[in-house]
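Heads up, the thing below is written out as structure tokens.
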Amino acid sequence: MGLTVSDIAAVIGELAPALAGGWIQKIHQPTPETVTLEIRTPGRTLSLLLCAHPETARLHLARKPMPNPPAPPHFCQFLRAHIQGARIDGIGQVAGDRIVRMRLTAREGPHTLIAEFTGRHADLLLLDEGEQVLATIHDARDRVGRPYQPPGQPPGQPPGQPPGQPPARQPHVARETAEPWPAPDGDRPFPVSELLEDRYRQREVDSSTDRLRQARLTGLRKAIKKAARRVEALREDLDKANRYRDYARYGELLKANLRTIKKGQERITVVDYFDPAQPELVIPLDPSKSPQGNLDDYFKKHRKFLAAGQEITPRIEEIEHDLAALRKEQQTIQDGTWQPAELESAPARKGRPRSRAQSSALSPQHSPRRGPFRRFISADGLPIYVGRNAKENEALTHKFAHSDDLWLHAQGMPGSHVVVRLEKGANPPPETLKDAATLALLYSDCKKSGKGDVIYARRKHVRKAKGRPPGTVTVTQEKAIFLQLDRARLDRLKESR
């Protein structure tokens with residue numbers, strides 16, 4: 001469950017004095033329901049997490065950064081456009097309710113960021129000066145463009161009052177037993193926030209494991225069904241091929257009587273000299289084929305029988321082996337003993353490559369995505385791609401990158417091509433430019449000296465050099481930046497990889 005009224009009161013009482021007067025310098029949305037605000041306050045930078053997930057709705061400081069998606073979601077982009085750089089004038093709880101209001105002064109004027117931690121109706125909303133809803137994290141179309149109304153409040157009543165004033169309504173709140181929160185000290189200035197972060201981190205780990213378990217179980221069921229159908233089809237092919245078991249004998253008998261066969265015959269009666277009793281045997285013929293054609297057809301079908309034994313039987317055994325491993329893993333999920341780490345080993349066989357049946361049970365969200373290019377996230381949440389070799393440099397620059405993306409390379413040195421994904425017409429933020437240039441230096445011959453010039457240009461100004469090795473380009477309208485490798489920046493980039 002999410003935060004209670006008393007939980008919110010405790011964490012707001014701890015954070016409000018520290019955040020008041022701070023500036024929102026960065027905004028990220030690591031998950032569909034979570035926003036993090038990097039807030040600069042005198043002497044330190046704090047990261048405030050706001051989550052509107054129905055089961056884990058909360059707010060607290062985040063000590064560790066969360067991985068961000070390659071492209072910022074729409075709500076994140078909207079917040080960046082309207083309140084990035086805004087000053088926090090105050091943050092407080094609507095009395096007796098699970099709603100927090102953050103009053104902001106942005107370039108466009110006063111705004112309010114609302115966090116509703118109200119269970120399945122949890123939401124994050126941005127309001128303008130007139131309390132009109134500009135956007136919500138859940139894209140609630142029925143609320144956008146209308147005056148803000150707290151959840152459960154009848155339309156027409158005044159919206160919830162700013163912090164410090166009586167609420168416009170008195171919702172029924174169940175009795176709560178206030179948790180004894182620790183007092184802050186020099187080593188732990190925000191103990192309530194730390195406890196909430198630890199509490200919900202474990203809940204999210206458990207929830208994530210449950211989602212992985214259910215997704216894995218769904219994948220296993222599909223893979224088992226597909227493998228079983230494949231075994232059934234192969235057995236049918238094997239049964240069909242087994243009908244040709246005696247066709248080599250028929251072919252030899254036809255060869256011995258080839259001169260007596262006339263085209264158009266539908267059958268021939270021969271003496272089966274392979275049988276000690278030497279009985280007569282009737283062999284069907286295709287009247288549309290010549291005697292030699294019928295002879296070749298019987299030998300051809302016998303070769304199919306031999307090939308089936310050599311190819312189909314081992315494939316059936318392999319898939320059945322995989323099927324047993326998939327069913328075993330399915331049983332571990334049903335028994336409650338399965339763990340996500342098992343995906344790396346089960347149901348692979350020692351010393352043998354993973355089969356198609358096993359691979360189909362591993363969806364992309366479960367197996368580590370290696371894929372082409374090294375991939376990083378900049379300080380501003382933008383994706384950065386780095387080629388590993390000449391072939392990848394060629395593909396990254398001329399097939400993957402868009403015309404408005406930023407392209408970088410260590411000047412005058414062999415090294416990797418680096419591409420920053422940008423929206424059309426957007427300019428790279430300064431920190432992103434430094435991050436990408438750092439990677440261009442790191443993956444070049446400049447790494448030894450730890451410093452050098454990096455050129456950069458829009459991808460549309462980078463052309464493939466005709467008749468030259470892969471990855472060789474000509475660049476126009478380029479600019480250059482000089483920098484030295486920064487250990488702190490490198491560590492952050494490596495963590496984002």
Side-chain angles (χ1 to χ4, degrees), residues 31-32 53 55 67 69-70 203-248 297-375 385 388 391-392 395 399-400 497:
T31 73
H53 190 280
E55 298 178 0
R203 289 185 184 179
E204 289 190 333
V205 168
D206 294 341
S207 177
S208 176
T209 301
D210 288 340
R211 288 195 299 270
L212 285 175
R213 184 179 294 112
Q214 290 303 316
R216 179 61 174 162
L217 186 58
T218 300
L220 285 171
R221 287 170 178 163
K222 291 180 179 179
I224 289 171
K225 187 175 180 180
K226 183 177 180 180
R229 288 199 305 265
R230 186 62 181 150
V231 168
E232 182 179 356
L234 288 172
R235 288 195 181 281
E236 290 178 359
D237 292 343
L238 188 61
D239 290 342
K240 184 178 179 180
N242 283 337
R243 300 173 192 168
Y244 307 142
R245 181 187 301 272
D246 296 326
Y247 275 36
D297 193 42
Y298 272 98
F299 282 122
K300 181 179 178 181
K301 289 180 178 179
H302 184 260
R303 287 195 296 272
K304 286 186 177 181
F305 162 72
L306 296 177
Q310 295 172 355
E311 298 177 9
I312 297 180
T313 301
R315 289 172 65 187
I316 291 176
E317 293 175 353
E318 179 184 0
I319 296 176
E320 286 183 332
H321 186 283
D322 298 336
L323 199 53
L326 293 171
R327 285 172 173 155
K328 182 179 180 181
E329 185 179 357
Q330 182 186 40
Q331 189 61 45
T332 64
I333 295 178
Q334 295 170 344
D335 294 342
T337 58
W338 180 88
Q339 293 297 326
E342 291 183 32
L343 287 171
E344 299 176 2
S345 57
R349 302 179 309 282
K350 183 176 180 180
R352 298 180 65 183
R354 190 184 302 277
S355 73
R356 294 180 181 178
Q358 294 169 330
S359 299
S360 65
L362 291 175
S363 64
Q365 65 203 44
H366 301 148
S367 60
R369 181 183 179 184
R370 303 186 184 278
F373 323 129
R374 298 183 180 93
R375 304 177 182 215
Y385 303 91
R388 292 189 179 95
K391 184 177 179 181
E392 282 201 2
K399 295 182 180 179
F400 179 81
R497 183 174 176 179

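Nothing here was measured: the structure is a model prediction, and the numbers come from that model. In what follows, residues are counted from 1 in the order of the sequence shown.
In this structure, CZ on R213 lies 12.5 Å from CG on L220, to the nearest 0.5 angstrom. Here the CD1 atom belonging to I316 is positioned 5.0 Å from the CG atom belonging to L238, to the nearest 0.5 angstrom. For the atom pair CD (E232) and CG (D237), the distance works out to 11.0 Å, reported to the nearest 0.5 Å. Atom CD of E236 and atom CG of L234 lie 9.5 Å apart (nearest 0.5 Å). One finds the NZ atom of K328 at 13.5 Å from the CD1 atom of I333 (value rounded to the nearest 0.5 Å).
Looking at every heavy atom in both residues, Y385 comes nearest to R375 through CD2-CG, 3.8 Å. Residue L323 comes nearest to I224 through the heavy atom pair CD1-O, 3.6 Å, listed as atom of the first residue, atom of the second, then distance.
Every residue two or more places apart in sequence or in another chain that forms a ring pair (Phe, Tyr, Trp, His ring centres under 6.0 Å) with Y244 is listed here: Y247. T313 meets the side chain to side chain donor-acceptor pair (under 3.5 Å) test with no other residue; sequence neighbours excluded. R243 meets the side chain to side chain contact (heavy atoms under 4.5 Å, CB included) test with K240; sequence neighbours excluded. Listed by chain and number, the residues in a side chain to side chain donor-acceptor pair (under 3.5 Å) with Q214 amount to none (sequence neighbours excluded). Residues forming a side chain to side chain donor-acceptor pair (under 3.5 Å) with D335 (at least two apart in sequence, or on another chain): Q331.
Contact check on R235 versus D239 returns no salt bridge, with no Lys/Arg side-chain nitrogen under 4.0 Å from an Asp/Glu carboxylate oxygen. Look at R230 and E318 and you find no salt bridge, because none of the NZ, NE, NH1 or NH2 atoms lies under 4.0 Å from a carboxylate O.
Partner T332 forms a side chain to side chain contact (heavy atoms under 4.5 Å, CB included) with one of Q330, Q334, E329 and no other, that one being E329.
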*Please walk me through it: do F305 and H302 pass ring-ring contact (aromatic ring centres under 6.0 Å, His included)?*
CA-CA 5 Å; F305 162 72; H302 184 260; 5.7 Å; yes
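The salt bridge (charged side-chain N to carboxylate O under 4.0 Å, His left out) pairs that include a residue from residues 303-312 number zero, where partners must be two or more places apart or lie in different chains.
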